[in-house]
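All values below were derived from every heavy atom in this structure, side-chain atoms included, with hydrogens, water molecules and symmetry-related copies excluded. Chain A is the first sequence line, chain B the second, and so forth, proteins listed ahead of strands; every chain is numbered from 1.
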Amino acid sequence: MSACNKPRTVRNPYSLTTLPHRNLDSEIFRTTWTGFLPSARVVKGLKKLRIGAIGARPAAFNTVRYSEKILESAGISVETLDLSELWEMAGSRTTTAKFGAPQGHSPSSLDEQHSGRRARQMAKLGTVIDTWIADTEVTSAPFSAGPRSKNISAWSPARS
Amino acid sequence: MSMMSDQGLSSACEVDVAGVIGMHALQLASQTPSALLD
């Protein structure tokens, strides 16, 4: 424990291993190392995380409120995109590069709801969102997929 | 959103930022797409 207290005094994060001493090619070292890697990926991945928030929080969803200040103090930033701006960009798009992608992704969606005009609308929206994600370099994107977006577009991102 | 999950981009409904951070953490840990069931 004294060895562990040393890094603690200099504020270095550390973790305890199953055994204090073992060979690098031993099975127990492999198990310990494999168990440590997911934690390391999470800690590294959440630092400087950029989140894309598409649309506004629906009024009734008070439980998903968040503080950008608290997130920023943890190194997490939030990029916002207004829903009307998103639809405007999608409306001006002529490309349907992602057309057919939803069907290919989910064979069960091969029905009339996803055909024709709506499928093209989804394809345009997908292209715009992909472009925005690439431009802002966000790693995740919570959508406003409540009744408001359904009314505007007659389509909800949650159904893709 | 499921297409984005396959690309390693976590996404959640109702602008659930805290939820998507949890999803991203789970995805990093498991190296597979995560889901949010609420």
Practice task
Identify whether A:L83 and A:W132 are in the same connected component of the hydrophobic contact network (ILVMFWY, side-chain heavy atoms under 4.5 Å).
Solution key: yes
Problem - Common cluster, A:L49/A:V43, ILVMFWY with side-chain heavy-atom separation under 4.5 Å - result: no
Handout entry: pair A:I51-B:H24: side-chain heavy atoms closer than 4.5 Å
Key = no
Fill in the blank from the handout: Okay, B:A18 and chain A: the region with an atom under 4.5 Å from a heavy atom over there is neither
Problem - Atom of A:L46, atom of B:L28 and distance for their closest heavy-atom approach - result: N-CD1, 4.2 Å
Problem - B:A29 versus A:P38, closest heavy-atom pair with distance - result: O-CB, 3.6 Å
Handout entry: Minimum-distance pair of heavy atoms, taken over all atoms of B:E14 and A:R57
Key = O-CG, 4.4 Å
Exercise for the section: Identify which part of A:I76 has an atom lying under 4.5 Å from any heavy atom of chain B, answering side chain, backbone, both or neither. Expected result: side chain
Exercise for the section: Flag the pair A:L71 / B:I21 as yes when at least one side-chain heavy-atom distance between them is below 4.5 Å, and no otherwise. Expected result: yes
Practice task
Taking atom CZ of A:R22 as the centre, report whether more than 12 heavy atoms of other residues, nucleotides or ligands fall under 6.0 Å from it.
Solution key: yes
Exercise for the section: Specify which of B:Q27, B:Q31, B:M23 makes the most heavy-atom pairs with chain A at under 4.5 Å. Expected result: B:Q31
Problem - Linked, directly or transitively: A:M89 and A:L125 (ILVMFWY side chains, under 4.5 Å) - result: yes
Practice task
Please check if B:V17 and A:I70 belong to a single hydrophobic cluster, counting links between Ile, Leu, Val, Met, Phe, Trp and Tyr side chain heavy atoms closer than 4.5 Å.
Solution key: no
